Amino acid sequence: MVKKKYVDISIIIPLYKGQKYCIRILNMIEDNCRYKCLYQECKVEVIFVNDYPKENIVIENSERLFDIYLFESEKNMGIHASRVKGINCANGEYIIMLDQDDLITEDYLYSQWHKIIYEKSAYCVCNGWSGRFRILYGEGVLEKRINDIRYYLNVGNPICSPGQVIINKCFLPQTWIENIQTCNGADDFLLWLIVLKKGGRFSVNNDYLYYHTPERSLESVNLSGMLRSLEETVKILNELNIVKQEELELLNSQIEGKRWLDTGKIKGEFNGQINASDYLKFNKMFHILLDWMRLKNKGLDISSFCKNSNYHNIAIYGMGYIGEYLYDELVGSDINIQYAIDRTAKDFKRELPIFRIENELDPVDAIIITAVVDTEEIIRSMKAKMNCPVFTISEVLLLLGEN
């Protein structure tokens, strides 16, 4: 296929055992091109780079609103080299680097492209989800962190994935193109650090567009691999001589602080990120999930509890990890989840109505609270507002085990 001379957006997608993801990716991009007839004003190309030569990638031949290219690697190069290979083959004025298992909303391209043009910026980062109902950033958090290099040095990468960012290709640092990381995981972190150290800045798109999907495969980067990649990042930055010695020391301290997760040995205070309230919260969540698993192994499920109690229409308070698991268990059952109550949650699939507690709420048969902190205050608030039984998830599991 002969490439056309001008392309607005090049989407680079490295593949590693990625055949199963290709159709989903292409369908998502097709939906994006159709959104508000974007294809009439914006030319898009999709570039796959197969970094697993043992797998024969087959791309469908059906008509699309964009051009598709597939480049094969002779041997496994790693994700950084695959991204660079795709970029070197790209004709687009703007670059987007998606992972093979990423999810995007239908307005992702439209919103990102128009935002970066309107802002006349080199890099534009959007908001999104870390779970079906869990957003990446609350109000104002992204703006606060995204251009603060101290956050990168002290805490880590505030950009969950390069898929959140659209980049003007002219502003991709040549130092990142030339210094390829061989350990997968932190090449995007290296890119953002180089950008900020060279005076670049991100504009912010507060639209929720990108889903950092949790369906990572066994081939995805584990913590040990990420630590090796971060160490390589520090080595490259040191060789490039673009960071100060005290900044390198902060990065090394960050790596050491995270190493305890891999070794099981806590060193220091992990840069202040671990505290008593976090420990208690996750400890409660662990025991809830443990009790839940025990009951499921006995063939007991929460839908049966609701049905036997005549709670056919329920609301879920709190759509974090526990709330999402409860939703997944009930959504295919006879129990109707009428809505959820949460201050920050958004539904990636836009199927479940989500309200704040101060909103007008329709009557339901029961409310199940999945939050694990401040539950007494939540119970009082819900009972004062709603004329129905209110349970915590722990109480539901206890009652389920007694029946």
Side-chain angles (χ1 to χ4, degrees), residues 35 103-108 111 126-145 204-212 214 277-278 281 284-285 288 292 302-303 305-307 309-397 399:
Y35 182 81
L103 298 176
I104 55 175
T105 59
E106 64 177 2
D107 55 337
Y108 168 91
S111 181
C126 69
N127 211 329
W129 291 263
S130 60
R132 167 76 187 266
F133 303 99
R134 299 186 304 278
I135 60 175
L136 289 173
Y137 313 102
E139 185 176 348
V141 174
L142 188 54
E143 290 90 341
K144 183 178 179 180
R145 294 178 180 174
V204 173
N205 184 351
N206 282 308
D207 288 347
Y208 293 88
L209 306 170
Y210 171 84
Y211 185 2
H212 189 55
S277 61
D278 286 338
K281 176 182 176 180
K284 289 179 181 179
M285 289 173 60
I288 287 170
W292 202 340
I302 294 176
S303 63
F305 164 79
C306 293
K307 188 174 182 179
S309 304
N310 289 320
Y311 303 144
H312 300 288
N313 295 287
I314 72 158
I316 300 174
Y317 185 106
M319 294 307 298
Y321 293 102
I322 306 295
E324 183 175 350
Y325 296 152
L326 177 59
Y327 176 86
D328 288 340
E329 179 164 318
L330 296 180
V331 72
S333 71
D334 295 331
I335 306 304
N336 174 44
I337 306 169
Q338 195 155 331
Y339 53 82
I341 307 163
D342 194 297
R343 186 165 297 278
T344 61
K346 294 181 182 294
D347 182 10
F348 173 74
K349 295 185 178 180
R350 304 175 185 178
E351 295 172 347
L352 178 67
I354 302 177
F355 302 101
R356 295 188 173 196
I357 191 171
E358 57 265 28
N359 294 141
E360 189 70 29
L361 302 176
D362 290 337
V364 290
D365 297 329
I367 297 171
I368 300 177
I369 297 171
T370 65
V372 298
V373 296
D374 301 325
T375 52
E376 292 183 1
E377 178 60 32
I378 295 170
I379 291 169
R380 282 195 294 269
S381 299
M382 292 312 308
K383 286 186 174 181
K385 187 176 182 71
M386 304 292 289
N387 185 26
C388 67
V390 178
F391 301 96
T392 65
I393 186 67
S394 296
E395 289 172 330
V396 170
L397 295 173
L399 292 168

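No experiment lies behind these values; they were computed from the predicted model shown.
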For this session: Mark yes when over 12 heavy atoms from residues, nucleotides or ligands other than Glu358 sit less than 6.0 Å from its CD; otherwise mark no.
Result: yes

For this session: Would you indicate whether Tyr325, at its atom OH, is surrounded by more than 12 heavy atoms from other residues, nucleotides or ligands within a distance under 6.0 Å?
Result: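 Atom OH in Tyr325 is not packed in, count stays at 12 or less.
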
For this session: For a side chain to side chain contact (heavy atoms under 4.5 Å, CB included) with Ile314, tell me which candidate from Ile302, Ile335, Ile367, Val364 qualifies.
Result: Ile335

Between [X] and [Y], which heavy-atom pair has the shortest distance, and what is it?
{"X": "Ile288", "Y": "Leu397", "result": "O-CD1, 3.6 Å"}
{"X": "Ala345", "Y": "Met319", "result": "CB-CB, 3.8 Å"}
{"X": "Glu106", "Y": "Tyr35", "result": "O-CB, 3.3 Å"}
{"X": "Ser130", "Y": "Tyr211", "result": "C-CE1, 4.0 Å"}
{"X": "Lys346", "Y": "Trp129", "result": "O-NE1, 2.9 Å"}

Problem set entry | By side-chain hydrogen bond (donor to acceptor under 3.5 Å, both in side chains) - contacts of Asp107 (at least two apart) |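 side-chain hydrogen bond (donor to acceptor under 3.5 Å, both in side chains) check on Asp107 returns Thr105.
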
If you measure from [atom1] on [X] to [atom2] on [Y], what distance do you get to the nearest 0.5 Å?
{"X": "Ile341", "Y": "Ile378", "atom1": "CD1", "atom2": "CD1", "answer": "10.0 Å"}
{"X": "Asp347", "Y": "Tyr208", "atom1": "CG", "atom2": "OH", "answer": "13.5 Å"}
{"X": "Leu399", "Y": "Ser309", "atom1": "CG", "atom2": "OG", "answer": "7.5 Å"}
{"X": "Glu143", "Y": "Asn127", "atom1": "CD", "atom2": "CG", "answer": "8.5 Å"}
{"X": "Arg134", "Y": "Asp342", "atom1": "CZ", "atom2": "CG", "answer": "11.0 Å"}
{"X": "Leu326", "Y": "Thr370", "atom1": "CG", "atom2": "OG1", "answer": "7.0 Å"}

Problem set entry | Min side-chain heavy-atom separation Ile316-Tyr327 under 4.5 Å |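 Of all side-chain heavy-atom pairs linking Tyr327 with Ile316, at least one is under 4.5 Å.
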
Exercise. Do the rings of Phe305 and Phe391 sit parallel, tilted or perpendicular, given the 30° and 60° boundaries?
Worked result: perpendicular

For this session: Might you work through the side chain to side chain contact (heavy atoms under 4.5 Å, CB included) test for Leu209 and Ile104, ending with a clear yes or no?
Result: CA-CA 6 Å; Leu209 306 170; Ile104 55 175; over 6 Å; no

Problem set entry | Qualifying residues under ring-ring contact (aromatic ring centres under 6.0 Å, His included), relative to Tyr137, sequence neighbours excluded |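 With sequence neighbours excluded, Tyr137 shows a ring-ring contact (aromatic ring centres under 6.0 Å, His included) to no residue whatsoever.
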
For this session: Can you sort out the partners of Glu360 under salt bridge (charged side-chain N to carboxylate O under 4.0 Å, His left out), two or more places apart, ordered by chain and number?
Result: none

N/O donor to acceptor pairs below 3.5 angstrom from side-chain atoms of residues 383-390, sequence neighbours left out:
from: Lys385; atom 1: NZ; to: Ile357; atom 2: O; distance (Å): 3.2
from: Lys385; atom 1: NZ; to: Asn359; atom 2: O; distance (Å): 3.0

Atom pairs and distances, side-chain donor-acceptor, residues 348-356, under 3.5 Å, sequence neighbours left out:
from: Glu351; atom 1: OE1; to: Arg132; atom 2: NH2; distance (Å): 3.2
from: Arg356; atom 1: NE; to: Arg343; atom 2: O; distance (Å): 3.4

Problem set entry | All pairs passing side-chain hydrogen bond (donor to acceptor under 3.5 Å, both in side chains) where residues 329-338 contributes a residue, at least two apart | Trp292-Glu329, Lys296-Glu329, Lys307-Asp334, Asn313-Asn336

Problem set entry | Stepwise side chain to side chain contact (heavy atoms under 4.5 Å, CB included) check, Glu395 with Ile369 | CA-CA 9 Å; Glu395 289 172 330; Ile369 297 171; over 6 Å; no

